[in-house]
Amino acid sequence: MASTFERVKRVIVGLHHNAALVTEAAALADDLGLDSLDRLELAMKIEEEFGIHVRDEDLEDAITVGDLVKLADRLRASEPPTPAGANPG
């Protein structure tokens, strides 16, 4: 099974970003050029990938890819799994 980082990276690359630039230390805005709309799309894709709900406040605190990995791990540990294709509430 893929690690959380590998899954987050796959989501980011799926949003048309160069895989070589996606490291845990990469800043979402400065290094990857994600604007607020990109971040919202990223949050929705992370929710789909992991079956979690990402709150706006949590997303605002995520500065790097590594922060997203930690966020996904934390939310997965604290939320019951959401069936694939379901809209996390």
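Nearest heavy atom pair, residue Asp31 against residue Ala25, reads OD2-O, 4.0 Å. For Arg39 against Leu28, the heavy-atom pair with the smallest separation is NH1-CD1, 3.3 Å.
A side chain to side chain contact (heavy atoms under 4.5 Å, CB included) with Ile12 is found for one member of Val65, Asp38, Leu34, Asn18 and no other, namely Val65.
Within the structure, every pair that satisfies the salt bridge (charged side-chain N to carboxylate O under 4.0 Å, His left out) test and touches residues 8-29, not counting sequence neighbours, is listed here: Arg10-Glu49.
Linking ILVMFWY side-chain heavy atoms closer than 4.5 Å, directly or via other members, places Val13 and Leu21 in a single hydrophobic cluster. In the hydrophobic clustering of ILVMFWY residues, with side-chain heavy atoms under 4.5 Å counting as a link, Leu59 and Leu15 come out together.
Residues satisfying the side chain to side chain contact (heavy atoms under 4.5 Å, CB included) criterion with Asp30, sequence neighbours excluded, are Ala27. Judged as a side chain to side chain contact (heavy atoms under 4.5 Å, CB included), and not counting sequence neighbours, the contacts of Arg55 are His53, Glu57, Asp58. Take Thr4 and apply the side chain to side chain contact (heavy atoms under 4.5 Å, CB included) test, not counting sequence neighbours, and it matches Val8, Phe50, Val69, Ala72, Asp73, Arg76. Evaluation of the side chain to side chain contact (heavy atoms under 4.5 Å, CB included) rule for Ser3 yields Phe5, Glu6 as partners, not counting sequence neighbours. Residues passing the salt bridge (charged side-chain N to carboxylate O under 4.0 Å, His left out) test with Asp61, sequence neighbours excluded: none.
You'll find the side chain of Leu71 stays beyond 4.5 Å of the side chain of Asp67, heavy atoms only. Side-chain atoms of Leu42 and Leu68, non-hydrogen and from C-beta on, do get closer than 4.5 Å to each other.
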